[in-house]
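All ligand and atom numbering here is 1-based and tracks the order in the structure. Counting begins at 1 with the first residue of the sequence.
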Amino acid sequence: AAPYFYLFQDFWCPSNYIQGVFNFQKFFQTKEDDVFVASFPKSGTTWLKALTFAIVKRQHFASVENHPLLTSIPHALVPSPELTMDADIYDQIGHLSQMTEPRVVATHIPYPSLPKSIMESSSRIIYICRNPFDTFVSAWTFSSKANSASSASLTLEEAFEMFCKGIVYFGPWWSHMLSYWQESKTNPNKVLFLKYEDLKEDINFQVKRIAEFLGCPFSEEEESNGVMESIIKLCSFEKMKDLDVNKFGSHFKIIDNKHFFRKAEIGDWINYFSPSMVEKLSKVIEQKLSGSGLSFKIQY
Ligand code: A3P
């Protein structure tokens, strides 16, 4: 059976997330220094969460590299109030209020459905998106693993049809991306819009950008004494994939953390797409994003 989604506030919400999303909207109290890491699923959330966490918390640690919190950073849903927290499946909002400040809270909720208190505060949002070809392959391979124990996984072709119609977790993906894209244009101090591909291309530059946006730029000393470099290393795919928490831990007992680390490459979609799929997705991208100014470099 296919996973089922509800069209909830104009986005496709997985049934088991509705309560968490609703609670987040209704009960979450934003703090002025909160940082939200927002993304469409499989766009590099895990990477951006780790980077953001390490960047905003670095002043608290004498040595970033050796701090026990950072060396066990995970990723996602390690259920520790000290670490980043995913708001979407958060049905015990109490935990969020116990996190040390500044809090780094991750969410897949589209911009218009975020709690209003986020807009009314001076908190910041960093959004990451990824080209839809790789996002699709990452999502499909992930869900085949996540659902392998049940009969819920879709074939590549079935999943692709749904992706092109926008019927995917937190989709349509184009509305998701465009909602943050437009906000980042009208309100650049509130929303920083990033692309996975740009982080892969020049992580130093993007890490500096994130720190500046969050009001905690790297000093010249931090750049020269290796603090910035060690953050980048700590959050690299190889390093994170190799952490015990990510090798053996699990994401709220729903999915093994190891599935969040697959290849981390640009262009792996070529191994999955037929020529007709390439044509179809290219058309959808063209139709949905044209005129918005948002585009992706796809190497055919
Ligand atoms: P692939 O499936 O293409 O390998 P998300 O974190 O939003 O779920 O996205 C998962 C994708 O990000 C996966 O892509 C995963 O391998 C990649 N990823 C995870 N950690 C990463 C890191 N530290 N650096 C770069 N990419 C990473």
Side-chain angles (χ1 to χ4, degrees), residues 14 17 36-55 70-78 83-89 104-110 126-148 153 156 159 163 168-171 173 176-177 180 193-204 206-207 210 229-243 245-247 249-252 254-273 296 298-299:
Y17 281 53
F36 298 90
V37 169
S39 63
F40 188 73
K42 313 320 293 174
S43 302
T45 324
T46 309
W47 191 14
L48 183 61
K49 275 180 185 179
L51 285 168
T52 305
F53 184 84
I55 292 168
L70 289 181
T71 49
S72 65
I73 284 194
H75 114 123
L77 293 159
V78 171
L83 296 170
T84 68
M85 193 61 84
D86 274 22
D88 311 345
I89 58 168
V104 178
V105 178
T107 182
H108 291 312
I109 300 174
I126 311 180
Y127 184 78
I128 186 159
C129 75
R130 188 180 188 185
N131 80 73
F133 284 73
D134 284 323
T135 304
F136 167 70
V137 168
S138 185
W140 183 72
T141 49
F142 180 81
S143 73
S144 334
K145 286 173 202 147
N147 299 324
S148 59
S153 41
L156 181 79
F163 189 78
V168 278
Y169 282 62
F170 300 95
W173 43 268
H176 199 285
M177 292 171 183
Y180 285 94
F193 192 95
L194 304 173
K195 290 183 191 161
Y196 184 84
E197 293 76 14
D198 294 341
L199 267 69
K200 291 285 281 188
E201 193 177 302
D202 191 347
I203 186 67
N204 281 283
Q206 299 297 338
V207 159
I210 294 170
E229 207 185 309
S230 65
I231 286 178
I232 291 171
K233 245 192 230 154
L234 201 61
C235 299
S236 68
F237 179 70
E238 292 70 26
K239 187 98 184 185
M240 287 186 72
K241 187 184 166 117
D242 202 40
L243 294 173
V245 66
N246 290 330
K247 283 200 282 200
S250 79
H251 177 105
F252 277 117
I254 301 171
I255 178 159
D256 293 341
N257 286 349
K258 63 175 189 237
H259 297 315
F260 286 88
F261 305 90
R262 193 183 64 98
K263 285 194 173 174
E265 285 172 5
I266 299 173
D268 183 47
W269 60 267
I270 205 106
N271 300 312
Y272 294 82
F273 273 60
F296 297 94
I298 315 278
Q299 289 196 327

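- Of all atoms in ligand 1, listed by their number and element, those nearer than 4.0 Å to a heavy atom of Met240 are 23 (N).
- Heavy-atom contacts of Ser236 reach the following atoms of ligand 1: 23 (N) (cutoff under 4.0 Å).
- Looking at atom 7 (O) of ligand 1, its nearest protein heavy atom turns out to be Thr45 OG1, 2.5 Å.
- Looking at Ala50 against ligand 1, nothing comes within 4.0 Å, counting heavy atoms.
- Counting heavy atoms under 4.0 Å from ligand 1, residue Cys235 touches it through the backbone alone.
- Residue Glu197 qualifies as enclosed at atom CD: its count of foreign heavy atoms under 6.0 Å is above 12.
- Partner of Leu51 under the side chain to side chain contact (heavy atoms under 4.5 Å, CB included) criterion, out of Ile128, Leu194, Leu199, Leu234: Leu199 alone.
- Looking at atom 6 (O) of ligand 1, its nearest protein heavy atom turns out to be Thr46 OG1, 2.5 Å.
- In terms of protein heavy-atom proximity, atom 19 (C) of ligand 1 is nearest to Phe260 O, 3.3 Å.
- For Lys247, the salt bridge (Lys or Arg N to Asp or Glu O under 4.0 Å) criterion is met by Asp242, not counting sequence neighbours.
- Ring pair Tyr17/Tyr169 is perpendicular by interplanar angle, where above 60° counts as perpendicular and below 30° as parallel.
- With hydrogens left out, the protein atom closest to atom 22 (C) of ligand 1 is Trp47 CG, 3.4 Å, a heavy atom.
- With respect to atom 14 (O) of ligand 1, the closest heavy atom belonging to the protein is Arg130 NH1, 3.2 Å.
- In this structure, Glu265 and Phe237 have side chains that are not in contact, with every pair of non-hydrogen atoms separated by 4.5 Å or more.
- A distance of 11.5 Å separates CG in Leu48 from OH in Tyr196, rounded to the nearest 0.5 Å.
- Residue contacts with ligand 1 include Tyr196, since one or more of its heavy atoms lies under 4.0 Å from the ligand.
- Checked by atom type and distance alone, the side chain of Asp134 pairs as donor or acceptor with a backbone atom of Asp268 at under 3.5 Å.
- The aromatic rings of Phe136 and Phe163 lie tilted to each other, with the angle between the two planes from 30° to 60°.
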message: Walk me through whether His176 and Tyr127 qualify under side-chain hydrogen bond (donor to acceptor under 3.5 Å, both in side chains).
response: CA-CA 10 Å; His176 199 285; Tyr127 184 78; 2.8 Å; yes

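- Both the backbone and the side chain of Ala264 come within 4.0 Å of ligand 1, counting heavy atoms alone.
- Distances between N or O atoms of Ser43 and those of ligand 1 include at least one value under 3.5 Å.
- Atom 13 (C) of ligand 1 has as its closest protein heavy atom Ser138 OG, 3.6 Å.
- In this structure, the protein non-hydrogen atom closest to atom 8 (O) of ligand 1 is Lys42 NZ, 2.8 Å.
- Rounding to the nearest 0.5 Å gives a distance of 10.5 Å between NZ of Lys241 and NZ of Lys258.
- Closest protein heavy atom to atom 16 (O) of ligand 1: Arg262 N, 3.0 Å.
- The shortest N/O to N/O separation between Gly44 and ligand 1 falls below 3.5 Å.
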